[in-house]
Colleague: 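Provided herewith is a single structure, encoded as structure tokens, for subsequent inquiry.
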Amino acid sequence: MESVVTDAGHPLRDTHFMWLEITSNCQLECSHCYAESGPGQGHGLVSADQWMQTLTEAAAAGVQEVQFIGGEPTAHPELPRFITHALQLGLRVEVFSNLFSIREHVWQALAQPGVRLATSYYSSGAAVHDQITHRAGSFGRTRANITEAVRRGIPLRVGLIRLSEDQDIDAAMEELVSIGVHRGAIRVDDQRGVGRGRGSTVCTTEDELCGNCAGGVLAIMPDGTVQPCVFSRDARFNVGNITADNLISVLNGERLHRMREDLTSVFLQRGLIGVDCPPAEPTGAVAQCGPAGGGGPCGPARTQSCGPACSPACMPAGNCNPMVNPPPCNPIAGHPPRPEPPPRPGGPVCPPY
């Protein structure tokens, strides 16, 4: 399909991947949640019919894959209908769920060919896991539903999110393998300084971005706002709203073009785009991807390691491609070990260090 062209005649990179944040509601209140979601927050301002129309327009515009996310996407009553519609349009689908509570009709939707499942896991022990999620019993329920997804043969990947020293990430990985998760489908990511994960960080939002949101990805929030990605949540990143206009108009708009130009400039200065990141070294050495950029404690070290990882859309693998299929992000194919982070820079400490 041809690239979308703005009214001003600017050709845009094809938008091939979209996050659809269909709800702010979640059973958990994770301490690091970039979306600051939680119980009782509702499904936002986008109607079910508007989500369906957006999926139709996305496929027509050349989008190849969508990820339903939240909040907790399985809490949205129309998720199975959204999944089926996306598949009928020829889109690849991933659902990023906390796997706290999955009803049978949702399991049936997830089991359709062309659907993948992703979840987060925090520890091999219930106490630490539940402390992070702020929900007693969440460890047992998530673990049980990981086991159920494996039993049903649903393609599954798991992100181990590193927040503190007492999580015993290695033990958590071994436990996941013991219950049937493919070792190559388990990756470790660090807390991102966005939303509740921001804490007292002095880093700007751009410092938490990996570099790919300058190109072919977009995120739609529960209120219909269109942003470069799920981590670029500040109002200054807003490039449109599907409740006020259709998706094609947003893709064809000057605001998106200017935003991608601005982000491209930022990421070029940081050395995150325009160079190829080599595969992660099995020795634990840090992959180099261009000269170190300036900009204080939040910039240089991340330039050396190709920027932060792309969770929740992709497993860290020495690259930040949000597409999880085909490779290099195919969870069946597996990946080399994740490199160790570079030494902490001087000055204020910013995530993911």
Colleague: Using a 4.5 Å cut-off on heavy atoms from C-beta on, say whether the side chain of Asn238 contacts that of Gln227.
Modeller: yes
Colleague: According to ring pair (Phe, Tyr, Trp, His ring centres under 6.0 Å), does anything in residues 139-166 pair up with another residue at least two apart or in another chain? List the pairs.
Modeller: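 Checked against ring pair (Phe, Tyr, Trp, His ring centres under 6.0 Å) - neighbours excluded - the pairs reaching residues 139-166 are Tyr121-Phe139, His129-Phe139.
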Colleague: Is there a donor-acceptor contact under 3.5 Å from the side chain of Arg135 to the main chain of Gln27?
Modeller: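 Yes: the side chain of Arg135 pairs with the backbone of Gln27.
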Colleague: Looking at every non-hydrogen atom in both residues, tell me the closest pair between Leu117 and Ser97 and how far apart they are.
Modeller: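 Between these two residues, the closest heavy atoms are CD1-CB, 4.2 Å.
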Colleague: Is a donor from one side chain sitting under 3.5 angstrom from an acceptor on the other, for Thr243 and Asn241?
Modeller: yes
Colleague: Are Phe82 and Val106 connected in the hydrophobic side-chain network, where two residues link if heavy atoms are under 4.5 Å apart?
Modeller: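 Yes; Val106 is reachable from Phe82 via cluster members.
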Colleague: Looking at CH2 of Trp19 and CD of Glu94, how far apart are the two atoms once the value is rounded to the nearest 0.5 Å?
Modeller: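 Trp19 CH2 to Glu94 CD: 11.0 Å, rounded to 0.5 Å.
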Colleague: Please name all residues satisfying side chain to side chain contact (heavy atoms under 4.5 Å, CB included) with Leu45, sequence neighbours left out, ordered by chain then number.
Modeller: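 Leu45 satisfies side chain to side chain contact (heavy atoms under 4.5 Å, CB included) with Asp223 once adjacent residues are dropped.
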Colleague: Would Val158 and Leu156 satisfy side chain to side chain contact (heavy atoms under 4.5 Å, CB included), going step by step from the backbone distance to the final call?
Modeller: CA-CA 7 Å; Val158 182; Leu156 171 71; 4.2 Å; yes
Colleague: How about Glu29 and Pro39: do any of their side-chain heavy atoms sit closer than 4.5 Å?
Modeller: yes
Colleague: In this structure, is the centre-to-centre distance between the rings of His76 and Phe68 below 6.0 Å?
Modeller: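 No.
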Colleague: What closest approach, in Å, do Leu247 and Thr54 show between heavy atoms, and which atom pair accounts for it?
Modeller: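 Nearest heavy atoms, Leu247 then Thr54: CD2-O, 3.7 Å.
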Colleague: Do Phe237 and Leu256 sit in one hydrophobic cluster, given that two such residues count as connected whenever their side-chain heavy atoms are within less than 4.5 Å of each other, even indirectly?
Modeller: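 Yes, Phe237 connects to Leu256 through the hydrophobic network.
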Colleague: Heavy atoms, side chains only, cut-off 4.5 Å: are Glu65 and His16 in contact?
Modeller: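 No - every pair of side-chain heavy atoms lies 4.5 Å or more apart.
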Colleague: Could you tell me if the side chain of Thr119 sits less than 4.5 Å from the side chain of Phe96, heavy atoms only?
Modeller: no
Colleague: Within the side chain of Thr142, is there an N or O that forms a donor-acceptor pair under 3.5 Å with the backbone of Ser138?
Modeller: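 Checking the backbone N and O of Ser138 against the side chain of Thr142, a donor-acceptor pair under 3.5 Å is found.
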Colleague: Please report the interatomic distance CE(Met173) to OG(Ser124), rounded to the nearest 0.5 Å.
Modeller: 12.0 Å
Colleague: What are the two closest heavy atoms between Ala219 and Cys229, and how far apart are they?
Modeller: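 Looking at all heavy atoms of both residues, the closest pair is CB-C, 3.5 Å.
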Colleague: Any chance the side chains of Glu72 and Asn98 put a donor and an acceptor closer than 3.5 Å?
Modeller: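 The criterion, which ignores hydrogens and geometry beyond distance, is satisfied for Asn98 and Glu72.
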Colleague: Considering non-hydrogen atoms only, spot the tightest contact between Gln50 and Ile242 and give its length.
Modeller: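 Closest approach of Gln50 to Ile242, heavy atoms only: NE2-O, 4.4 Å.
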Colleague: Any sub-3.5 Å donor-acceptor pair from Arg141's side-chain atoms to Phe100's backbone N or O?
Modeller: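 A pair under 3.5 Å: yes.
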Colleague: Are the side chain of Thr56 and the backbone of Met52 linked by a donor-acceptor contact shorter than 3.5 Å?
Modeller: yes
Colleague: Which atoms form the tightest heavy-atom contact between Pro228 and Met259, and what is the distance?
Modeller: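 In this case the closest contact between Pro228 and Met259 is CG-CG, 3.8 Å.
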Colleague: Mind checking what makes side chain to side chain contact (heavy atoms under 4.5 Å, CB included) contact with Asp170, not counting sequence neighbours?
Modeller: Asp168
Colleague: With side chain to side chain contact (heavy atoms under 4.5 Å, CB included) as the criterion, how do His43 and Glu78 come out once you've worked through the C-alpha distance, each side chain's angles and the decisive distance to 0.1 Å?
Modeller: CA-CA 11 Å; His43 302 312; Glu78 299 290 346; over 6 Å; no
Colleague: So Ile22 and Leu79, side chain to side chain contact (heavy atoms under 4.5 Å, CB included) or not? Walk me through it.
Modeller: CA-CA 9 Å; Ile22 59 175; Leu79 176 64; 4.0 Å; yes
Colleague: So that I can tick it off, tell me whether Asp49 and Arg81 are bridged by a salt bridge, with the cut-off set at under 4.0 angstrom between side-chain N and carboxylate O.
Modeller: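 So Arg81 pairs with Asp49 through a salt bridge.
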Colleague: Any non-hydrogen side-chain atom of Ile83 less than 4.5 Å from a side-chain atom of Gln112?
Modeller: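 Ile83 vs Gln112: side chains touch.
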Colleague: What residues, two or more places apart in sequence or in another chain, satisfy side chain to side chain contact (heavy atoms under 4.5 Å, CB included) together with Gln88?
Modeller: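 If we apply the side chain to side chain contact (heavy atoms under 4.5 Å, CB included) test to Gln88, skipping adjacent residues, the hits are Thr84, His85.
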Colleague: According to ring pair (Phe, Tyr, Trp, His ring centres under 6.0 Å), does anything in residues 143-172 pair up with another residue at least two apart or in another chain? List the pairs.
Modeller: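 The answer is none; no pair qualifies.
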Colleague: Hey, quick one: are Leu263 and Met221 part of the same hydrophobic cluster, counting side-chain heavy atoms closer than 4.5 Å, chains of contacts allowed?
Modeller: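 The answer is no; the residues belong to distinct hydrophobic clusters.
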Colleague: Is the shortest side-chain heavy-atom distance between Met18 and Leu20 below 4.5 Å?
Modeller: yes
Colleague: If you define the side chain from C-beta out and look only at heavy atoms, does anything of Leu218 sit under 4.5 Å from Arg260?
Modeller: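 With C-beta onward as the side chain, the pair touches.
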Colleague: Between Arg143 and Glu148 (salt bridge meaning N to carboxylate O under 4.0 Å), is one present in this structure?
Modeller: no
Colleague: Compare every heavy atom of Ile161 with every heavy atom of Gln167, then report the nearest pair and how far apart it is.
Modeller: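 For Gln167 versus Ile161, the nearest heavy atoms are NE2-O, 2.8 Å.
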Colleague: So how far is it from Leu160 CG to Tyr122 OH, rounded to the nearest 0.5 Å?
Modeller: 10.0 Å
Colleague: Would you confirm whether Asp130, through its side chain, and Ala136, through its main-chain N or O, come within 3.5 Å as a donor-acceptor pair?
Modeller: no
Colleague: Hydrogens and angles aside, do Gln53 and Asn246 bring a side-chain donor and acceptor to less than 3.5 Å of each other?
Modeller: no
Colleague: According to a hydrophobic-cluster definition based on side-chain heavy atoms being under 4.5 Å apart (Ile, Leu, Val, Met, Phe, Trp, Tyr only), do Ile220 and Val239 belong together?
Modeller: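 The answer is yes; both residues are in one hydrophobic cluster.
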Colleague: When rounded to the nearest 0.5 angstrom, what distance separates CG in Leu176 from CZ in Arg157?
Modeller: 13.5 Å
Colleague: Of all residues at least two apart in sequence or in a different chain, which pass the side chain to side chain contact (heavy atoms under 4.5 Å, CB included) check with Arg258?
Modeller: Glu254, Arg255
Colleague: Does Val181 belong to the same Ile/Leu/Val/Met/Phe/Trp/Tyr cluster as Leu110, with side-chain heavy atoms less than 4.5 Å apart forming each link?
Modeller: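 Yes, Val181 connects to Leu110 through the hydrophobic network.
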Colleague: Less than 4.5 Å apart, side chain to side chain, heavy atoms only: is that true for Glu21 and Val230?
Modeller: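 Yes, their side chains come closer than 4.5 Å.
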